[in-house]
Amino acid sequence: MAEAAREMALFDRPHRPHRPRLAAGTPVRESGAAPSSAATYNVQPPCDRSTKSPSMPDLLANLNPEQHAAVTLPDEPALILAGAGSGKTRVLTTRIAWLIQTGQVSPNGILAVTFTNKAAKEMVARLQAMMPINTRGMWIGTFHGLCNRMLRAHYRDAALPQTFQILDMADQLSAVKRLMKALNVDDEKYPPKSVVNFINNAKEQGLRPQQVEATDSFNRKLVELYEAYDAQCQREGVVDFAELLLRCYELLSMSAPLRAHYQARFRHILVDEFQDTNRLQYAWLKMLAGTQAAVFAVGDDDQSIYAFRGANVGNMADFEREFRVQHLIKLEQNYRSHGHILDSANTLIANNARRLGKNLRTDAGHGEPVRVYEAATDTQEANFIVEEIRALINQGHARSEMAVLYRSNAQSRVIEHTLVGAGLPYRVYGGLRFFERQEVKHALAYLRLIDNPNDDTAFVRVVNFPTRGIGARSLEQLADVARLHNCSMAAAVPYTTGKAGSSLGAFSRLIDRMRAETLPLSLPETVDYVIRESGLVAHYETEREGEDRLENLQELINAAAAFVGEEGYGLNAPARVIAMAPNASRALEIDADGLQVVDADAPVADSMTPLAGFLSHASLEAGDNQAQAGQDAVQLMTIHAAKGLEFTAVFITGLEEGLFPHENSALEQDGLEEERRLMYVAITRAKERLYLSFTQSRMLHGQTRYNVRSRFFDELPPESLKWLTPKTEPGARWGGRSDNAGWGRDWFGRSGGERSDDGGRGESGRRGADEAYTGNTPLPAYADKQRAADTGFKVGQAVFHTKFGEGTITALEGTGGDARAQVNFRRNGQKWLALSIAKLQPIED
DNA sequence: CTACCAGTCCTTTTT
DNA sequence: GGACTGGTAG
């Protein structure tokens with residue numbers, strides 16, 4: 001990161017001058033541009049000669065042999081195993097620069113895909129620093145951004161309205177809730193969140209409702225909901241995140257000409273963080289690659305920490321096999337961490353089975369040992385951290401070079417509290433993002449209704465905000481009418497009568513008026529107009545704590561202005577250049593090689609409006625989630641959020657059994673291995689100094705929990721550790737309390753596939769003394785609660801689990817808080833679940 | 001229809 | 001400990 005910043009600063013260009021406008025009447029227009037905006041067709045941006053780009057030989061000379069080999073690989077599929085801190089992004093970007101500058105491919109032949117907007121932006125920035133060329137011709141973006149781009153260009157083939165809008169997670173959940181209400185579905189038996197999960201899961205497997213096999217009534221209902229949900233989305237002209245990918249995949253698989261066009265176009269496909277791809281993303285890549293494209297996949301199986309959201313590390317092995325990869329290159333030279341830190345990471349991760357195999361090395365010396373601290377309480381742990389941070393600051397380290405990492409967000413509170421007490425500025429990652437704030441979402445909902453009145457999610461959101469006397473009952477009636485006429489709620493308004501009808505009518509007229517009045521306005525003017533006319537500004541002016549919200553609404557105008565100012569509307573915009581020959585009625589895609597017919601029917605007037613572009617930008621790029629960026633502040637974040645970042649000093653906190661590794665990970669297939677990878681990611685964030693801390697007791701969910709230090713300590717090289725507190729033998733400290741052994745849940749003993757040799761044990765027999773506390777030890781109060789929840793399950797019973805879906809109990813054992821059930825899940829296979837943890841619901845069939 | 005209180009549920013998360 | 005949801009009183 002820091003390296004990137006330096007490079008960017010070195011090659012930073014002055015602000016790019018505006019492009020010249022074409023003469024009036026030029027029959028060329030950019031898709032996504034406002035009718036009045038400049039066309040970009042064949043106008044190269046003025047090249048700024050005042051800054052020098054490094055020459056290609058210089059760029060290559062800066063690479064180590066492995067990096068060099070990767071960058072200059074021949075035109076064939078390749079898999080790059082890039083360890084943490086091994087210069088992965090540099091290899092990716094230099095590869096692109098090398099391909100282009102050696103004339104092997106034109107920028108138009110490049111497609112590079114990432115997971116986050118941040119990564120995509122960084123790639124673009126680095127490329128611009130390396131090459132004086134226009135990056136517009138390349139397709140660089142996130143999976144979702146690129147799919148959006150393609151769907152916008154071919155919305156007709158994809159059977160979408162031109163102004164289709166994108167549901168974010170919250171929108172999707174509310175759409176499902178609305179649907180379930182309309183269909184009178186019991187939300188106890190079918191929690192909306194799990195219905196959403198089911199739908200997204202299916203889509204990420206590439207399955208439409210007809211293709212999901214439903215063997216029983218429970219699953220049949222879910223499939224039914226999935227089908228109704230898809231129909232609802234189609235009627236409303238909206239797509240969710242998974243739909244963007246699936247629809248794009250289907251578009252390519254159904255349309256031979258489009259498929260041929262894009263397969264011929266993209267000669268080189270580069271994939272970042274390949275280990276995080278899911279099945280659908282892999283299928284999409286494969287489809288796009290066809291038989292000719294050279295796919296350059298960069299990933300690290302040891303940093304795969306997103307299996308819980310569908311990432312499939314197996315894609316790496318599949319890729320190697322299916323693409324007949326001849327070039328597998330390992331980047332093992334680490335440029336980030338000192339020796340003891342790296343040794344710790346290597347030793348820990350060696351405990352995982354089924355790795356592709358990789359060992360990081362460094363030229364830096366051993367450096368300082370890894371410091372380990374045991375605290376009595378979470379407060380004491382926080383105090384220790386703050387003291388160390390203070391000392392580091394006194395030694396001249398910047399606050400922003402220090403990070404406190406934790407497994408779960410709940411842990412940040414104590415640390416924040418202590419930092420506040422010490423007067424140390426800090427920054428917590430992972431809060432609400434800009435476009436997710438309620439006032440911003442309200443404003444966006446009005447904008448969405450202007451663009452697409454059928455968007456019921458937006459309609460429901462603001463029809464009574466600010467309050468207009470339209471309550472739940474009126475809306476229920478309206479929804480019924482809409483269902484009856486199979487139309488949107490907005491379209492159903494004229495059918496309503498009475499008092500509710502007149503309020504609704506007034507709302508309808510408000511939206512219509514906004515649509516008409518904003519037609520001639522620019523995007524920022526439109527936003528400005530809408531936040532006033534909707535009554536949002538007035539509403540927040542009267543609200544006590546409304547000042548921040550007003551500020552955010554103002555900021556939304558600025559965001560709109562920035563958006564239209566950005567060349568080509570940024571990464572998520574549809575960037576296909578649609579042009580029309582004079583007097584012709586056909587739209588063409590302009591390629592480096594000339595003009596090609598892409599959509600024979602799309603008239604030029606069909607270019608996307610800035611508003612639609614801004615709305616998809618808002619959904620796809622929810623914005624910064626870090627408070628007061630730019631300040632020199634201590635960084636607080638979850639380990640997941642820390643992936644890809646680096647800091648001089650890192651504190652990994654809460655290293656306790658049950659917390660990290662998290663107890664729930666025992667429920668998941670290969671859960672412990674993923675926790676270990678998470679620990680690996682955490683360790684490799686540190687450059688010079690690493691602290692590991694754990695506590696004997698910790699307040700969690702309002703109750704004190706007594707924890708045992710994490711098993712990960714036993715998986716680290718002792719010679720690299722420096723215990724700041726005496727290292728106690730596990731269990732020794734607890735000798736006096738061994739009567740509680742029965743409550744120590746051996747919750748990892750069952751995780752199949754792990755190395756643990758006691759995997760199959762756990763009968764009634766007593767556990768060995770040193771095993772008794774491998775689990776956490778709940779307080780009596782907690783234990784009572786568990787005991788009280790006596791199972792009530794029986795073997796053969798059908799049950800439902802929010803994460804794993806439906807299954808049948810195949811075995812039961814233990815009692816009270818120790819009770820466990822073996823469940824055979826239809827979709828997820830056999831699992832042992834601790835009944836005190838898993839929320840199993842009985843299903844009557 | 002709204003406002004307020006009590007009961008519930010608590011990993012990780014990008015798009 | 002706290003955010004969110006649902007129910008009930010006004």
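Taking atom CG of A:Leu432 as the reference point, atom C1' of B:dT13 lies 14 Å away to the nearest angstrom. Between the NZ atom of A:Lys181 and the C1' atom of C:dG6 there is a distance of 11 Å, given to the nearest Å. Going from atom CD of A:Glu188 over to atom P of C:dT5 covers 14 Å, rounded to whole Å. A straight line from NZ of A:Lys121 to P of B:dT14 spans 14 Å, rounded to a whole angstrom. The distance from atom NE2 of A:His617 to atom P of B:dT15 is 12 Å, rounded to the nearest whole Å. A straight line from CG of A:Asp187 to C1' of C:dG7 spans 14 Å, rounded to a whole angstrom. One atom, CG of A:Asn201, and another, P of B:dT15, lie 19 Å apart when rounded to the nearest Å. In this structure, CZ of A:Phe434 is placed 18 Å from P of B:dT14, rounded to the nearest angstrom.
For A:Glu436 and A:Lys441, the salt-bridge test fails: no basic side-chain N is under 4.0 Å from an acidic carboxylate O. Looking at A:Arg709 and A:Glu656, no side-chain N of the basic residue comes within less than 4.0 Å of a carboxylate O on the acidic one, giving no salt bridge. A salt bridge links A:Lys88 with A:Asp272: at least one charged nitrogen is closer than 4.0 Å to a carboxylate oxygen. Of the charged side-chain nitrogens involved, none lies within less than 4.0 Å of a carboxylate oxygen, so that A:Arg711 and A:Glu675 do not count as a salt-bridged pair. Salt-bridge formation is detected for the pair A:Lys121/A:Glu621: a Lys NZ or Arg NE/NH1/NH2 atom is positioned less than 4.0 Å from an Asp or Glu carboxylate oxygen. Taking a cutoff of 4.0 Å between a charged side-chain nitrogen and a carboxylate oxygen, A:Lys643 and A:Asp276 qualify as a salt bridge. Ionic pairing of A:Arg461 and A:Asp455 is not present here: no N-O contact between side-chain nitrogen and carboxylate oxygen is shorter than 4.0 angstrom. We find that A:Asp548 and A:Arg437 are not joined by a salt bridge, their nearest charged nitrogen and carboxylate oxygen being 4.0 Å or further apart. A salt bridge does not link A:Arg433 to A:Asp168: none of the charged side-chain nitrogens sits closer than 4.0 Å to a carboxylate oxygen.
Residue whose closest nucleotide on DNA chain B sits further toward the 5' end, between A:Ser474 and A:Arg407: A:Ser474. With DNA chain B read from its 5' end, the first of the two nearest nucleotides for A:Arg473 and A:Asn409 is the one closest to A:Arg473.
Residue-level contact check: A:Tyr306 touches the backbone only, with heavy atoms under 4.0 Å from sugar-phosphate atoms and none from bases.
Closest contact between the side chain of A:Arg309 and the listed nucleotides B:dT15, B:dT11, B:dT13 involves B:dT13. Nearest to the side-chain atoms of A:Arg433 among the listed nucleotides B:dT11, B:dT15, B:dT12 stands B:dT15. Side-chain proximity of A:Leu620 to B:dT15, C:dT5, B:dT12: nearest is B:dT15.
Going from the C1' atom of C:dT5 to that of B:dT12 covers 23 Å, rounded to whole Å. To the nearest whole angstrom, the two C1' atoms, one in C:dA3 and one in B:dT14, are 22 Å apart.
With its ring centre under 5.5 Å from that of the base six-membered ring and a plane angle below 30°, A:His662 counts as stacked on B:dT11. A stacking contact links A:Phe308 to B:dT12: the aromatic ring centre lies within less than 5.5 Å of the base's six-membered ring centre, and the planes differ by less than 30°.
Listed by first and then second residue, the salt bridge (charged side-chain N to carboxylate O under 4.0 Å, His left out) pairs involving residues 464-478 of chain A amount to none (not counting sequence neighbours).
Annotation: A:Phe712 is in aromatic contact with A:Phe660 [ring centroid separation under 6.0 Å].
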Atom pairs under 3.5 Å: protein N/O with N/O of nucleotides 2-7 of chain B:
| unit_1 | atom_1 | unit_2 | atom_2 | d |
| --- | --- | --- | --- | --- |
| B:dT2 | OP2 | A:Asn464 | ND2 | 3.2 |

N/O to N/O distances under 3.5 Å, protein versus nucleotides 1-3 of chain C:
| unit_1 | atom_1 | unit_2 | atom_2 | d |
| --- | --- | --- | --- | --- |
| C:dG1 | O6 | A:His701 | O | 3.1 |

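Listed pair A:Thr142 / B:dT14 fails the phosphate criterion, with no side-chain N or O lying under 4.0 Å from OP1 or OP2. Here A:Asn117 does not reach the OP1 or OP2 of B:dT14: none of its side-chain N or O atoms lies under 4.0 Å away.
Against the 90° criterion about 0, the sugar-base torsion of B:dT12 places it in the anti range.
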